[in-house]
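Quick notes on the structure that follows.
Proteins come first, then strands; the chains are lettered A, B, ... in the order of their sequence lines, and each starts at number 1.
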Amino acid sequence: MIEDILLKALGKIGIETDFVEVEIPRHEALGDISTPVAMLLSKKLRKSPALIAESIIAAIDAPDIFQTIERAGAGFINFRFKPSYLCDELRKLYSRESDYLRPNVGKGRKIQIEFVSANPTGPLHLGHGRGAALGAAVANLLSAAGFSVTKEFYVNDAGRQVKLLGESVFARYKTIANTPYDFPTDGYHGDYVEELAKGIHATYGDKFSLSGFDEVEVSQFFIAYSYTAMLSEIKKDLSDFGVEFDRWQSEKELFTDGTVTKAINALRGNGFIYEQDSAVWFKATAFGDEKDRVIIKTDGQYTYFASDIAYHILKLDRGFDEIINIWGADHHGYIPRIRAVIQAAGHDENKLVVLLVQMVMLLRGGVPVQMSKRAGEFVTLRDVTNEVGRDITRFIFLTRRPDSQLEFDMEAVKKESPENPVYYIQYAYARINSVFGKAQERNISLSFDDDINLSGLDSPEELQLIKKLIFYPTAFLTAVRTREPHRITFYLQELAGQFHPFYYKHRILDEAEPLTRARLMLCACVKIVIKEGLNILGVSTPDKM
RNA sequence: GCCCUCUUAGCUCAGUAGGAUAGAGCACAGGAUUCCUAAUCCUGGGGCCGCAGGUUCGAAUCCUGCAGGGGGCACCA
């Protein structure tokens, strides 16, 4: 919008460019919006920024929009909007709602996002929750921006970890059946393992008491039973956390349906597979990885990497324009080899976007909570949401950049809860609802036409609130471009931070008719934007608090 | 040892594509409600943006080095 006006003005004075930087000044006193473009052009044009700024200002033709346009500082151009323009935009926001709030930059391009993908060997912990909250929010964000988004969970149902789980359950089962069996090294120790064993014993009795785990059908039964049970628990955890997936991709299936073989053959055809020391290797160094990687071990077994190759090639073959992986930061070393795979398969490596999520440090009153998955001692996602609530948990995860470590102090989060930022935003929403209820009791209409008179909205609080509202699309687009939903979180805190002072200082319902209606309309817009933002974050919007 | 990442107010963290005088919440101190929800509002103190160089009109932001936290360097997943 403003960019277009500037581009046009630049064209008038003979400057061709396709991007103009526009920003909101740090201090309100400087103006509503500002551009440093004159300074940036100074070197190229060999003229002083001041002179350039003046000629740009002279070339701008938008009398309906700007109250003032001034040159300031080292060569900034600062703009101040006319109140009438702000009101026009507010009307647009209200009447066009989703068109206004969701600029379609995706244009239907297909994005696949894979997240959580926890091994089905135990319940989800808090770190998975962070990945889940982020993945869901990124997916919501991109859908809102007009991308066609598919959410996937990759199920590691093949390989060593599920086998270990099966064997751990088998060992517990044998104990129950009074035919002891050595607990596997590195086995899983959690209570849930015990529960699974009890479940099997309850249904099948001593049927397997004389069997060994080396009997194929026995081990297969225990493995499949155990991970299937864990997977359905994970699904339930995620669903209760408000996170749904479009597709659950089984790793095992990639082997059985030939996807792995096909992918490896494709890479072999391109000359990136070779045999050495009786193992099969992928030539990752051809694309800058540190070393080549084994895909079939000396013992004939595939590595995890083999199925991962297949999955990533499959994703791209399915026609996605972008594939996003949300990984724990401990997997960052894995990125170069996946990028290598993508290039070796003849795809554009930039189609892969990896968002790294740092660990969550769980604290209680400032003291770290010790956790060891191996020993079965950990606080699950469910434990945390039960204690502090789902909205707070999701919100906290989205108030930090994903790649910075996060301290999650259960006591602090609960203690601060009356003034918790998530409540601050939800409260603004609930307050508006409450006012709307009162308005209805008084038979004041809550629908607003395009010609509603908003001229009464002239106080600093009102004008600032309107500005904040109509800048939502800007914040949204930044979040979309960077794939960073936390920008929405901060925007919403600022919006609520403009709303509450407005509410405190101004009566909404007891004014003369036009002003009351104008303020109700303003509130309606705040409500719309809060709902839009919280929906993206996956946080609820309670009508009452 | 090599690689990645982080270091901003007492604490937890933002900082928009290098821009103007460095931002929020919490905590702390004081104040506000005869009135639509006080889970609210107002005022205040608080900073060598880890350290040192460099790039330039301009650096918390980009580059190099150093220190500290976290992570990774498997024919594990």
Side-chain angles (χ1 to χ4, degrees), chain A residues 19 21-27 30 34-36 39-40 42-43 48-49 72-76 78 119 121 156 158-162 164 186 251 277-281 290-291 293-299 301-305 307-308 328-336 356 358-359 361 366 396 399-401 403-409 412 415-424 426-428 430-439 441-442 474-475 477-479 481-482 484 486-487 489-491 493-494 497 499-510 516 519 523 544-545:
Chain A
F19 173 75
E21 195 180 337
V22 170
E23 56 195 28
I24 299 168
R26 222 192 297 270
H27 302 283
L30 294 167
S34 151
T35 178
M39 288 181 285
L40 294 167
S42 159
K43 182 172 271 180
S48 78
F76 290 94
N78 294 334
N119 277 337
T121 54
N156 297 118
R160 201 175 105 90
Q161 298 308 316
V162 285
L164 261 177
D186 299 333
E251 179 189 9
D277 306 328
S278 49
V280 177
W281 299 71
E290 290 174 351
K291 51 180 87 165
R293 308 291 174 177
V294 170
I295 55 179
I296 303 176
K297 297 185 271 182
T298 314
D299 63 7
Q301 296 282 313
Y302 286 98
T303 61
Y304 171 85
F305 182 49
S307 46
D308 229 26
D330 55 339
H331 283 62
H332 76 262
Y334 216 76
I335 299 173
L356 293 178
Q358 273 288 357
M359 283 202 303
M361 283 265 297
I396 297 273
T399 49
R400 270 98 167 145
R401 281 196 348 266
D403 60 348
S404 68
Q405 286 152 242
L406 183 146
E407 287 191 19
F408 194 104
D409 191 317
K415 199 171 112 204
E416 289 173 16
S417 72
E419 289 166 27
N420 204 296
V422 66
Y423 292 134
Y424 186 74
Q426 288 177 325
Y427 185 52
R431 264 185 154 176
I432 292 169
N433 260 334
S434 169
V435 174
F436 281 9
K438 287 276 192 310
E441 284 170 22
R442 300 184 198 182
T474 305
L477 286 174
T478 303
R481 176 169 50 78
T482 57
E484 289 178 345
H486 74 270
R487 294 176 189 278
T489 313
F490 282 87
Y491 170 87
Q493 292 190 59
E494 288 164 11
F499 172 76
H500 288 301
F502 154 75
Y503 180 91
Y504 186 83
K505 280 177 198 155
H506 304 283
R507 296 286 304 171
I508 295 166
L509 293 179
D510 302 324
T516 284
R519 285 184 178 158
C523 288
K544 278 185 195 168
M545 288 176 73

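Look at A:R431 and you won't find any side-chain N or O under 4.0 angstrom from OP1 or OP2 of B:A39. Remark: A:K291 is not in phosphate contact with B:C73, judged by side-chain N or O atoms under 4.0 Å from OP1 or OP2. Considering only side-chain N and O atoms, A:S404 lies under 4.0 angstrom from the phosphate OP1 or OP2 of B:A14. At B:C76, one or more side-chain N or O atoms of A:K297 fall inside 4.0 Å of OP1 or OP2 (strictly under the cut-off). Regarding contacts with the backbone of B:U37, every side-chain N or O of A:Y423 stays at 4.0 angstrom or more from both OP1 and OP2. In terms of phosphate contacts, A:T478 brings no side-chain nitrogen or oxygen within less than 4.0 Å of OP1 or OP2 of B:U16.
Remark: the A:Y504 side chain and the B:A32 base include a donor-acceptor N/O pair separated by less than 3.5 Å. For B:G70, the base has no donor-acceptor partner in the side chain of A:Q358 [N/O atoms by modelled type, under 3.5 angstrom]. On a pure distance criterion of 3.5 Å, no polar donor-acceptor pair joins the side chain of A:H332 and the base of B:G72.
Taking atom C1' on both B:U16 and B:A24, the two are 15 Å apart, rounded to the nearest angstrom. Annotation: B:C62 and B:G15 have their P atoms spaced 12 Å apart (nearest Å).
Among the protein residues, A:T303 comes within range of the sugar-phosphate backbone only, with heavy atoms under 4.0 Å from sugar or phosphate atoms but none that close to a base. As judged by a 4.0 angstrom heavy-atom cut-off over every strand, A:Y334 is placed among the base-contacting residues. Residue-level contact check: A:Y503 touches the bases, meaning some heavy atom is under 4.0 Å from a base atom. A:A430 comes within 4.0 angstrom of a nucleotide base, judged by non-hydrogen atoms across all strands. Heavy atoms of A:L40 sit under 4.0 angstrom from at least one base atom. Residue A:A279 is classed as a base contact, given a heavy-atom separation below 4.0 Å to a base. Using a 4.0 Å heavy-atom criterion, one finds that A:D277 contacts the bases of the nucleic acid, with or without backbone contacts as well. No engagement by A:R293 is indicated, since no non-hydrogen atom pair under 4.0 Å with the nucleic acid exists. Nucleic acid contact class of A:I24 (heavy atoms, under 4.0 Å, all strands): base. A:T399 comes within 4.0 angstrom of sugar-phosphate atoms only, judged by non-hydrogen atoms across all strands, and of no base.
Rounded to an integer number of Å, the gap from NZ of A:K544 to P of B:U37 is 11 Å.
Panel note: side chain A:S34, backbone A:P25; no donor-acceptor pair is recorded below 3.5 Å. A:H500 places no side-chain N or O within donor-acceptor distance of the main-chain N or O of A:G497, the cut-off being under 3.5 Å. Side chain of A:S42 to main chain of A:S48: no donor-acceptor pair is present (N/O by atom type, distance under 3.5 Å, no hydrogens or angles). Distance alone, capped at 3.5 Å, places no donor-acceptor pair between the A:T303 side chain and the A:I296 backbone. Remark: the backbone N or O of A:R507 is paired with a side-chain donor or acceptor of A:R519 at under 3.5 angstrom.
Here B:C41 is the nucleotide among B:U5, B:C41, B:C75 with the atom lying nearest to any side-chain atom of A:P501. Of the candidate nucleotides B:A38, B:A77, B:U16, B:U16 has the atom nearest to the side chain of A:R481. You'll find that the side chain of A:E251 is closest to B:A77, out of B:U40, B:C36, B:A77. Set against B:A14, B:A39, B:C41, the side chain of A:Y427 has B:A39 as its closest nucleotide. Candidate nucleotides B:A74, B:C75, B:G15 were compared by shortest atom distance to the side chain of A:H486, and B:G15 ranks first. Checking B:G70, B:C6, B:U40 against the side-chain heavy atoms of A:Q405 singles out B:G70 as nearest.
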Taking Watson-Crick and G-U wobble pairs with both distances under 3.5 Å, convert RNA chain B into its dot-bracket string, 5' to 3', dots for unpaired and | for cross-strand pairs. (((((((..((((.....[...)))).(((((.......))))).....(((((..]....))))))))))))....
Can you give one letter per nucleotide of nucleotides 20-28 of chain B, 5' to 3': B if a protein heavy atom sits under 4.0 Å from the base, S if only from the sugar-phosphate, - if neither? BSSS--SS-
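Taking the six-membered ring where tryptophan is involved, the planes of A:F502 and A:F499 are tilted, since the angle between them lies from 30° to 60°.
Atom-to-atom distance recorded for A:R487:CZ and A:R481:CZ is 7.0 Å, nearest 0.5 angstrom.
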